[in-house]
> 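Once you've had a glance at the structure underneath, I'll fire off some questions.
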Amino acid sequence: METPERYNIKETEAKWRKVWEDKKSFEVTEDTSKPKSYVLAMLPYPSGRIHVGHVRNYSLSDVVARYKRAKGFNVLNPMGWDALGLPAENAAMERNTHPKDWTYENIAQMKAQLLSMGLAIDWSREVATCDPDYYKHEQKMFIDFYKNNLAYRKESIVNWDPVEDTVLANEQVVDGKGWRSGAPVERRKLYQWFFKITEFADDLLKGIETLDRWPDKVRTMQHNWIGKSRGLEFSWGIKDHDETIDVYTTRPDTFFGASFLALSPDHPLAKKLASDKDGYDDFIKACQATGTSEEAIEKAEKIGFYTGLKATHPLLKTEMPIYLANFVLMDYGTGAVFGVPAHDQRDLDFARKYDLEVIPVVLPPEEDAATFKIGSEAFIGDGLIYNSDFLNGLNKEDGIKAAIAKFEELKIGKGVTNFRLRDWGISRQRYWGCPVPFIHCDDCGLIPVPEDQLPVELPYDINYDKPGNPLDRHPTWKHTICHECGKDAVRETDTCDTFFESSWYFLRYLDPQNKERGFANEKSNYWMPVDQYIGGVEHAVLHLLYSRFFMRALKKCGYEVPDEPFAGLFTQGMVTHATYKDSDGNWIFPTDAIQQEDKSWQTKDGKAVTQGAVIKMSKSKKNVIDPQDIIDTYGADAARLFILSDSPPERDLEWTEGGIEGAWRFVNKLHRTITDALPTLPTVGIVQPNNFSDKAKELRSTTHKAIVGVAEDIDNFHMNKAVARIRELSNALTGFKPADDGDTWALREGYEALVRLFNPMMPHLAEELWSQLGHDTILTETSWPTHDKKLLKDDTVTIGVQVNGKVRATITLASDCSKDEAEKIALAEPNVQKALEGLTLHKVIVVPGRIVNVVAG
RNA sequence: GGGGCUGUGGCGGAAUGGUAGACGCUGCAGACUUAAAAUCUGUUGUCCUUUGGACGUGGGGGUUCAAGUCCCCCCAGCCCCA
């Protein structure tokens, strides 16, 4: 017998991609006759190659897009490139290339790779954020923000790398040193641009409540990030000075336990009060050596500088020392705090170091006021307040309220709401970013570039001979003429944080060719909000929060956008892989570790290899798989299937060779069983017979249950379960031996449903088999199969019979069986009788269709 | 330290409070083959005195006729914020 021809994956997949491309299958326009669905995957950074995380992300969004499409939605599924940013500059410096050339080469490569995945993407809307046609519109938005008081420039403290001559983001400071130069980071004051996200702090917080299709985890993280707190602000006097010091505290219930006052070294009064004291300069220098992040400040050793001055408690009139302390942040609250060592760990550490008083004022439950002492750990929990006059006996919450009320009553303080959220610092002293569209004129000051002169384009001719910002030292670029007065002026050389681009790219997709505006309002009104956004949880705070801020800011500037950009959010897990080390202790690629017959691992040249932990794929640990190799070997469908079927999408996925091979076998099996079955199937569109055999009825029931089940699973992002159901249906169909016309009709019905159900996951194979089944339509234009409700219900149901909660038998009943009947049949079971021997029957619980439980004792 | 998530066979994982282990991977046995690959069939939680039974969802309590699922305490791992 002739062996059946193998499924030629490469040719077939390419053939169908060509069909979709020729038919422009995924290009969409606004269409009010259908409900719309905007399915969005987070746009990739063009690093050069796609990685498995991308494959997971886009496989998920593609399933949703194709499924929604089959369900009758007008689906927008776009793609673009987050193309500005530091890696391009690093690559340029290392390889002597240009950031722009490097980026566009990478885009071309990665686009080819994404195309090979067979994604249902409208490529006519492709956007690259480094394109001046893109950043032109965001420069306009920047100016709009400025005019609406949402963008401003102010002097602020930054991490400064003295070797690279540049500002570092907090993430670029490692152990107090620059991540590239290794030089100790300094704190410097520089003029920086900010977006006023804090203006919407309350609204961003409230909006979280409406995001019912977001993971709770992300909502909690955003909630905590915004960090709303209610506290008390009041002034302390300074002995023998006219000035007063405003402090803010979230724990006014503890103010009787205060023993010192601490000012941020950056506080305006700090210099004034202490700069003439010995050691002040050294102290400030020491403070400047720590980074600016909260974490850096928290981890740094607490150091203080005694000003020699005393502060007067406004209520108690007691006096306590005023320190400068490195752990007090100037931009949170008022930049000054009073220390309550007994109930704050930082304050306690500080107090122990400088030998300050520790006065407990909150008594932990089950402690005795007479004997309670603070050791090396502050008590920050809730308890009863004591040693505190009018607050005595209150708990934390009531104490806070009572303290605020008292200060307000005496008019010496007021309740204040504070946010942890800071304004968004967007200045970067880098070349490969969107130029801030402003000029500095000696006479006219800071003025925005006129709209008709946008975009302010990046010059191409730059060099990296020296550290620092190439824009700043470019021979001509920054020199310009003030359009107000005509005198010489200079351009702003800061560029924007790349989170700027990703905060609105989903709006540009809606109207990518628009030369006049970033997007037309009518496009936004039709497509927004994004119905389903999919991406990594690492963007849970910043990107998603900035995008939410942008909607509010754009709205204030007259753009028509919804408050919330993403109605639904799904955050996928990471892709992990086992790690391997050779006998010399070097990490090696999984493809270089070869498993021997005795299960041990070796390199090609026979070196012993040890297998290590299964962790997130990373280049440094070399535990990476190139998805292109997988697609080239097994095909896009198999790669997509494996990545969708192996784990629930929100959890981490362990990439295994066995798993991908299993998926590949299933692809081949589907092709083989359906092509083998073709000769036995009736022709397309043949009329449904009137009668079916019992087994055909059963098969049809399985088919229709799968139609409903797979849809439910996809709706709930249970892609692994959807695949399991598809396999079940496939197993049922494969094992079915038709005997009459009804049987073959049911078999065709089943196979056709099967193909349509797995189309979202394996679209190439689905198109191929749909065509082989005799259809001249294509699946991208075919709806989700309909189901017959009558076939979802079974005639009989098999349930368990428990005696005292333990299963003793199973019985099969008519599905409309009465409770009495079910009880009778259950009790008649020999095993149930046996279990009941010697016991008295108390009662029988019958849950129809579920269980019978016999209670006896 | 605070907040959150997770914990089920050898492995990935299923299970509206109702027959725990769907579906797959691996393993084992068999068929086909000169042989291998591929494919197909069966089997695969542990234990026992094996036509049956006991145990079993990180550990300990509780609620319930019934708990992987709900509540309390503890342990471990991961993530976020410190």
Side-chain angles (χ1 to χ4, degrees), chain A residues 1 3-4 6 215-227 293-299 327 344-346 377-381 420 536-538 540-542 571 573-574 576 578 599 613-616 641-666 668-669 672-673 676 706 709 712-713 718-732 734-735 797-812 826 830-831 834-835 841-857:
Chain A
M1 203 180 127
T3 45
R6 260 275 169 82
D216 287 344
K217 176 171 63 171
V218 175
R219 302 202 306 173
T220 305
M221 281 162 75
Q222 293 224 345
H223 195 276
N224 293 341
W225 188 265
I226 295 169
S293 71
E294 280 179 51
E295 192 192 355
I297 286 166
E298 190 66 28
K299 279 186 180 156
F327 63 82
D344 183 289
Q345 193 60 46
R346 284 181 318 189
E377 275 191 28
F379 174 66
I380 56 173
R420 203 187 78 100
V537 74
E538 64 273 22
V541 179
L542 297 182
T571 52
M574 299 179 303
T576 64
K599 307 281 170 201
V614 177
I615 52 172
K616 181 181 180 178
L641 177 69
F642 167 60
I643 216 159
L644 290 165
S645 63
D646 206 54
S647 291
E650 68 277 12
R651 273 202 229 171
D652 287 355
L653 168 78
E654 184 186 346
W655 186 277
T656 59
E657 311 313 310
I660 180 66
E661 281 185 19
W664 179 71
R665 276 202 294 276
F666 188 50
N668 281 295
K669 182 179 167 180
R672 189 172 55 244
T673 55
D676 284 356
E712 265 176 24
D713 287 336
H718 298 154
M719 308 309 177
N720 54 329
K721 283 161 68 183
V723 173
R725 278 186 212 272
I726 284 165
R727 283 181 184 270
E728 272 176 291
L729 177 58
S730 160
N731 290 344
T734 312
V797 57
T798 301
I799 64 171
V801 181
Q802 298 179 330
V803 176
N804 290 333
K806 285 186 196 246
V807 178
R808 296 296 172 186
T810 56
I811 53 175
T812 301
N831 273 332
K834 208 172 130 192
L841 191 70
H842 292 315
K843 63 173 165 177
V844 179
I845 289 154
V846 180
V847 184
R850 288 281 172 207
I851 199 113
V852 177
N853 191 8
V854 182
V855 186

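Chain naming here is simple, since letters A, B, ... match the order of the sequence lines and numbering starts at 1 in each. Keep in mind that the numbers below use all heavy atoms, side chains included, and drop hydrogens, waters and symmetry copies.
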> Are A:K806 and B:A66 close enough that a side-chain N or O sits under 4.0 Å from OP1 or OP2?
no
> Taking only the side-chain heavy atoms of A:K217 (C-beta and beyond), determine which of B:G4, B:C23, B:U19 contains the nearest atom.
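Of B:G4, B:C23, B:U19, B:G4 is nearest to the side chain of A:K217.
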> Please check the phosphate of B:C5 (OP1 and OP2 only) for any side-chain N or O of A:R219 closer than 4.0 Å.
no
> Between B:C23, B:C25, B:G18, spot the one nearest the side chain of A:E728, thanks.
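In terms of side-chain proximity for A:E728, the closest of B:C23, B:C25, B:G18 is B:C23.
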> Indicate whether OP1 or OP2 belonging to B:A82 is found under 4.0 Å from a side-chain N or O atom of A:R420.
yes
> For A:R651, answer base if it contacts any base atom (sugar-phosphate contacts may also be present), sugar-phosphate if it contacts only those atoms, and nothing otherwise; contact means non-hydrogen atoms under 4.0 Å.
sugar-phosphate
> Of the listed nucleotides (B:C40, B:U19, B:G53), which one gets closest to any side-chain atom of A:R808?
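Within the option list, the nearest is B:G53.
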> Are OP1 or OP2 of B:G24 and a side-chain N or O of A:N731 less than 4.0 angstrom apart?
yes
> Mind checking side chain to side chain contact (heavy atoms under 4.5 Å, CB included) for A:D713 and listing every partner two or more places apart, or none if nothing turns up?
A:H718, A:K721, A:A722, A:R725
> When we call it a touch if two heavy atoms are under 4.0 Å apart, what does A:D216 touch: a base, just sugar-phosphate, or nothing?
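A:D216: no heavy atom of the nucleic acid under 4.0 Å.
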> Among the candidates B:G52, B:U19, B:C40, find the nucleotide nearest to the side-chain atoms of A:K834.
B:G52
> What nucleotide, of B:U26, B:G13, B:C40, holds the atom closest to the side chain of A:R665?
B:U26
> By the 4.0 Å heavy-atom rule, please label A:N720 as base, sugar-phosphate, or nothing.
sugar-phosphate
> For A:V847, which contact category applies under a 4.0 Å heavy-atom criterion: base, sugar-phosphate, or nothing?
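Base contact - A:V847 has a heavy atom under 4.0 Å of at least one base atom.
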> In this structure, which stretches of RNA chain B are paired as stems of three or more consecutive Watson-Crick or G-U pairs, both distances less than 3.5 Å?
B:1-7 with B:75-81, B:10-12 with B:23-25, B:27-31 with B:39-43, B:45-48 with B:52-55, B:58-62 with B:70-74
> Give a yes/no answer on whether the side chain of A:R850 brings an N or O atom under 4.0 Å of OP1 or OP2 in B:G17.
no
